[in-house]
Protein chains: 2
Amino acid sequence: MEQRRADTIAEALEERIFDGTFADGDRLDEVRLAEQFGVSRTPFREALQRLARSGLVELIPRRGAFVRQPGPVELLELFEAMAEIEAVCGRLAASRISDAALAELHDANRKCQAAVTANDPDAYYRENERFHGVIYQQSGNGFLAAQAQALHRRLQPFRRQQLRLRGRMAQSMAEHEAIVTALEQGAPEAAANGLRGHVAIQGEKFHRLMANLRDAAE
Amino acid sequence: MEQRRADTIAEALEERIFDGTFADGDRLDEVRLAEQFGVSRTPFREALQRLARSGLVELIPRRGAFVRQPGPVELLELFEAMAEIEAVCGRLAASRISDAALAELHDANRKCQAAVTANDPDAYYRENERFHGVIYQQSGNGFLAAQAQALHRRLQPFRRQQLRLRGRMAQSMAEHEAIVTALEQGAPEAAANGLRGHVAIQGEKFHRLMANLRDAAE
DNA sequence: AAGTCTATTCTTGTATACAAAATAATTGAC
DNA sequence: GTCAATTATTTTGTATACAAGAATAGACTT
């Protein structure tokens, strides 16, 4: 699994940006961080260039690299985009999904349900991710699937928070079932609407969560 | 307009990849191209890292940077994704578009029509781009708009070819009109379907064009 | 004491130097 | 003559060196 250095560093930085180790606006000091990674500035800078493209860091000429965390507005936009893209995947998948994939969705749902009753959030996550991943794949469009996967990953930390809300896991399961049914029946609009709602509600929950936190802080 | 070097080089390379100067599989020689750009390998390599993220080049460790042009399959996927994302933008825009933006769409359509009668493809392009750009913006979702714009740009060269087909410009104009009407009436599904069809048909035309070229080559 | 100008320090951007890996070439064996 | 192995050459990856632009601190003026 030997990878080139710039890849590894970029991934490590990405991880730290996702998990919040680096806050919004933080300057990523080349010499300090390069040293911390045990490399010289050259490969570290190459990693920064990589991250710049996906908008995780902003490279200001002659100033340095600054972390760009999505603010509340951007976050809502990301959730909305996620909902819409999942809906698209669902609509396409409705007429393209294979029997094997349908079986895998059922399996994921079963294990999700088991995780709910066992109160095992980690297992729930794993299976939930599998569920959505299968739908991305079954859109039959590799580009869309990759796009959806990337967005999913980017929103993962924020989804994690709001899933702790009371009763959300059970509700989410019901939505999963409805989505599979739509896919099974080859109903494009039903699948699309189901997925859109399923993801959009996460954005709304997140929104409310944020508002509550803000109010509590006052 | 002084930009940092890596940006400039990345853009220049991107341009050459888009316009086909670099064919699929071409290796981008670091020393030769860096010299050609009048810089050392360091900033050139930084530019490569950037391009790697967007999938325009593939960086194979210890081997070099290779151009990745979309093949027929990937191209169809890109057209399909474009159609779906435009549809999403249209649906969102239907309930968010401003009067000013509607006026701009009308204006763009008028100028498009004028370009058709004047047989001025360049003007047609400019206005067509404006038309679609306004819809992206009016989706009210910056992330989606950026995504749509990027895809649009990437498919531009391929769209250019197929627009020469007989009668396509006139048909395209009629579709534009229908889309504006749907947006004016605040009809989300009509706007979405109109845009999806409008873009998807380009993919189909392109597909047929490719098939013809292939047949002719035999 | 506040503000500004200047000098110093720090940081970025780029070039070059060197090491390791991959490719090409040459030699030798069969 | 063909194939294999070894050597030579190219090319990538990384470190270091240096130049130029920002940030900072200090001195001088008002």
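Proteins get letters first, then strands, A, B, ... in listed order; numbering begins at 1 in each.
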J.: Taking only the side-chain nitrogens and oxygens of A:T42, find out if one of them lies under 4.0 Å from OP1 or OP2 of D:dT14.
T.: no
J.: Provide, to the nearest angstrom, the distance between the CZ atom belonging to A:F66 and the C1' atom belonging to C:dT12.
T.: 11 Å
J.: Respond yes when some side-chain nitrogen or oxygen of B:R45 is under 4.0 Å from OP1 or OP2 of D:dG13, and no when none is.
T.: yes
J.: Which residue pairs satisfy the ring pair (Phe, Tyr, Trp, His ring centres under 6.0 Å) criterion with at least one member in residues 14-56 of chain A, sequence neighbours excluded?
T.: none
J.: Mind checking whether B:R110 and B:D107 have side chains closer than 4.5 Å, heavy atoms only?
T.: yes
J.: Is any side-chain N or O of A:R63 under 3.5 Å from a base N or O of D:dG21, one able to act as donor and the other as acceptor?
T.: no
J.: Could you give the CD-to-P distance, from A:E46 to C:dT14, as a whole number of Å?
T.: 13 Å
J.: Kindly write out the residues that satisfy ring-ring contact (aromatic ring centres under 6.0 Å, His included) with B:F131, not counting sequence neighbours, or none if the list is empty.
T.: B:H176
J.: Nearest-Å distance, CD (B:E35) to P (C:dT14)?
T.: 17 Å
J.: Please report the distance, rounded to the nearest Å, between CZ in B:F37 and C1' in C:dT14.
T.: 16 Å
J.: Nearest whole Å is fine: how far is D:dT16 P from B:R41 CZ?
T.: 16 Å
J.: Reading DNA chain D from 5' onward, which residue's closest nucleotide shows up sooner: B:E30 or A:V39?
T.: B:E30
J.: Can you name the atoms? Protein N/O to nucleotides 6-10 of chain C N/O, anything below 3.5 Å, with the distance.
T.:
none

J.: Which pairs, with at least one residue in residues 50-98 of chain A and sequence neighbours excluded, count as a ring pair (Phe, Tyr, Trp, His ring centres under 6.0 Å)?
T.: A:F79-A:F206
J.: Any ion pair linking B:D122 and B:R126 (charged N to carboxylate O, less than 4.0 Å)?
T.: no
J.: Measure CZ/A:F44 against P/C:dT14 and give the value in whole Å, please.
T.: 17 Å
J.: Restricting to salt bridge (charged side-chain N to carboxylate O under 4.0 Å, His left out), what partner residues turn up for B:E80, sequence neighbours left out?
T.: A:R96
J.: Atom CD of A:Q49 and atom P of D:dG13: how far apart are they, to the nearest Å?
T.: 16 Å
J.: Can you measure A:R62 atom CZ to D:dT24 atom P for me and round it to whole angstrom units?
T.: 16 Å
J.: Can you find a side chain N or O atom of A:R32 that sits less than 4.0 Å from OP1 or OP2 on C:dT11?
T.: no
J.: Using the side-chain hydrogen bond (donor to acceptor under 3.5 Å, both in side chains) criterion, which residues pair with B:R153? Sequence neighbours excluded.
T.: B:E14
